[in-house]
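Comments concern the structure below.
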Amino acid sequence: MPSAADRLDQGIPPLDNLDREAIRAWLTESDEGRLERLWGRADEVRRAHVGDAVHLRGLIEITNYCVRQCTYCGISACAGPLPRYRMTRDEILTSARQARGLGFGTVVLQGGEDPGVTAEFLADIIRAIKAETGLAITISLGERGDDDLRTWRAAGADRYLLRFETTDPALYRRIHPNLPGSVSDRIAQLLRMREMGFEIGTGVMVGIPGQTWDTLGNDIWAFRDFDMDMIGIGPYLPSPRTPLAGPLKDELMAPPSRQVPNDELTTLKALALTRLVCPDTNIPSTTALSVLDPSAGRRNGLCRGANVVMPNVTPPQYRVLYEIYPGKAAIHESAEALASGVLDLIRRLGRTIGTGPGGRRQVEGLGARG
Ligand code: SAM
């Protein structure tokens with residue numbers, strides 16, 4: 001059998017046992033026939049390793065306060081004056097009940113990095129959601145101290161999402177500045193959270209200014225190296241109120257031959273390759289993908305490796321204020337309408353709705369995939 005290197009010599013990147021060179025070759029592949037083989041293989045691997053079930057996670061955007069100055073994010077502290085909100089305990093519980101009522105197995109409590117969401121405030125909510133709904137709980141609130149993380153794990157939180165955003169340390173510092181007096185190291189936090197018993201999830205944006213083909217290839221390789229349980233990959237969508245949509249973009253952009261574009265095709269290639277190198281991980285078809293291509297983005301993600309969707313159950317009056325990039329909010333649609341569109345799509349694809357918590361591992365107190 002020819003080695004990966006032999007096949008690359010013949011100009012055909014391999015689809016199995018990918019190495020960095022093959023990932024890099026696939027990322028820049030433009031031949032439609034070959035790409036069909038990549039899509040087909042990613043779908044096969046998805047089916048063989050995680051099955052046809054699509055797991056639904058109800059996303060609750062609990063706060064848009066943020067102390068971070070991420071230069072890409074429309075709710076960061078450097079995104080100009082914005083109306084800010086923090087949901088109350090009752091509002092969060094009502095949204096969690098709604099997620100349960102819609103048949104989802106997990107709620108994701110996401111928000112800016114907000115010290116106003118104290119460890120105890122959230123621990124009390126985690127306990128209440130667990131007691132009342134039994135749902136799996138994913139937290140995604142940025143970089144928090146180990147004491148807060150342990151408190152949330154002890155209260156019953158099952159998973160934590162923290163995208164490392166890029167493996168290029170110089171680029172990371174430009175898009176994700178340190179807070180005064182501390183050095184941001186998201187990978188270190190992820191590994192500590194795994195020790196605490198969380199399932200851990202990470203991810204990157206595709207096409208962020210300064211992201212080269214090599215960087216994106218290294219990011220995908222890092223997902224595999226760190227054996228991530230969940231991996232979110234979406235296109236970078238510029239928010240006009242952020243520094244990265246201004247002069248910083250020109251400063252960071254790589255030369256055109258090296259810069260990754262923030263388009264759907266490249267995002268789908270990154271998603272499919274991630275499925276090939278992380279066959280049994282949970283991978284969402286992201287909201288950003290469906291914002292870029294409202295008619296087919298979500299479907300394309302599900303057909304090219306994804307097995308999770310995260311319908312938004314944030315109350316519409318808050319959803320509109322959680323605009324990390326333009327066009328995200330879907331403010332005119334109720335949570336029920338959003339969910340029913342997702343359920344229809346899953347059925348039309350001949351897939352099934354995931355039942356149970358839909359985790360990757362056997363987390364204490366939770367089953368694995370239902
Ligand atoms: N504050 C938490 C954190 O930083 O992990 C969670 C919320 S943050 C808004 C969630 C993710 O949104 C980020 O990790 C980032 O990858 C993504 N994001 C932020 N701004 C974006 C943009 N302009 N385009 C695409 N994705 C974006």
Side-chain angles (χ1 to χ4, degrees), residues 57 59-80 82 84 86 108-117 122 138-144 148-149 152 159-167 171-172 175-179 184-187 189-190 193 198 200-211 216 219 223 228 230-246 248-249 252 260-264 266-267 270-271 284 286-293 297 310 312 314 318-319 321-329:
R57 327 278 204 210
L59 179 65
I60 312 176
E61 294 155 338
I62 66 170
T63 175
N64 75 348
Y65 283 93
C66 193
V67 294
R68 285 272 159 197
Q69 310 253 353
C70 303
T71 56
Y72 46 83
C73 181
I75 62 162
S76 84
C78 59
L82 290 177
R84 301 279 176 174
R86 185 176 302 121
V108 181
L109 308 179
Q110 187 166 78
E113 211 168 296
D114 176 8
V117 174
L122 196 70
T138 302
I139 309 289
S140 178
L141 292 170
E143 291 156 65
R144 301 286 301 222
D148 292 3
L149 298 169
W152 295 339
R159 315 185 184 120
Y160 204 103
L161 292 178
L162 188 69
R163 291 186 176 183
F164 60 62
E165 316 292 5
T166 177
T167 45
L171 179 60
Y172 184 66
I175 63 171
H176 188 93
N178 289 326
L179 287 179
S184 167
D185 186 343
R186 288 186 158 213
I187 292 182
Q189 179 178 330
L190 283 160
M193 291 190 295
F198 285 101
I200 54 169
T202 196
V204 297
M205 292 166 278
V206 170
I208 195 125
Q211 182 186 59
L216 182 56
D219 296 344
F223 298 150
M228 291 293 171
M230 304 168 280
I231 299 163
I233 298 171
Y236 161 64
L237 300 170
S239 166
R241 54 180 178 236
T242 59
L244 200 53
L248 181 62
K249 172 185 172 200
L252 294 184
V260 172
N262 59 336
D263 60 18
E264 183 177 7
T266 314
T267 306
L271 195 158
T286 54
T287 306
L289 199 49
S290 50
V291 168
L292 200 58
D293 178 356
M310 295 166 61
N312 200 319
T314 311
Y318 296 132
R319 220 185 294 159
L321 300 177
Y322 197 88
E323 202 180 48
I324 56 181
Y325 44 72
K328 180 199 144 281

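In each ligand, atom 1 is the first atom listed, and ligand 1 is the first ligand listed. Small disclaimer: the values here were computed from a predicted structure and weren't measured.
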Best match, [options]: closest heavy atom to [atom]:
atom: atom 12 (O) of ligand 1; options: Asn64, Ile324, Thr286, Val67; value: Ile324
atom: atom 23 (N) of ligand 1; options: Ile208, Leu237, Thr63; value: Leu237
atom: atom 10 (C) of ligand 1; options: Gln110, Glu61, Glu143, Glu113; value: Gln110

Under the 3.5 angstrom rule, does the side chain of [X] hit a backbone N or O of [Y] as a donor-acceptor pair?
X: Thr63; Y: Gly111; value: no
X: Thr242; Y: Gly74; value: no
X: Ser140; Y: Leu161; value: yes
X: Thr138; Y: Tyr160; value: no
X: Arg319; Y: Lys328; value: no

Ligand 1 contacted by [X] (non-hydrogen, < 4.0 Å):
X: Tyr322; answer: yes
X: Cys70; answer: no
X: Gly111; answer: yes

Answer with side chain, backbone, both or neither: which part of Tyr72 has a heavy atom less than 4.0 angstrom from an atom of ligand 1?
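Answer for Tyr72: both.
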Which protein non-hydrogen atom lies closest to [atom], naming both residue and atom, and how far is it?
atom: atom 14 (O) of ligand 1; answer: Glu165 OE2, 2.5 Å
atom: atom 27 (C) of ligand 1; answer: Met205 SD, 3.4 Å
atom: atom 25 (C) of ligand 1; answer: Pro235 O, 3.4 Å

For ligand 1, which atoms, with element, lie under 4.0 Å from some heavy atom of [X]?
X: Ser140; value: 6 (C)
X: Arg186; value: 3 (C), 4 (O), 5 (O)
X: Arg163; value: 14 (O), 15 (C), 16 (O), 17 (C)

Are Leu321 and Arg84 side-chain neighbours, meaning at least one heavy-atom pair lies under 4.5 Å?
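They are not in side-chain contact.
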Lys/Arg-Asp/Glu bridge criterion (N-O < 4.0 Å) met for Arg186, Glu143
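Here Arg186 pairs with Glu143 in a salt bridge, since their nearest N and O are under 4.0 Å apart.
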Distance-only polar pair, side chains of Asn178 and Ser184, donor-acceptor under 3.5 Å
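No, Ser184 and Asn178 have no side-chain donor paired with an acceptor closer than 3.5 Å.
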Atom 20 (N) of ligand 1 protein-contacted (non-hydrogen atom, under 4.0 angstrom):
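Under the 4.0 Å cut-off, atom 20 (N) of ligand 1 does have protein heavy-atom neighbours.
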With Ile208, which of Leu252, Leu171, Asn262 fulfils side chain to side chain contact (heavy atoms under 4.5 Å, CB included)?
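The single option meeting the side chain to side chain contact (heavy atoms under 4.5 Å, CB included) with Ile208 is Leu171.
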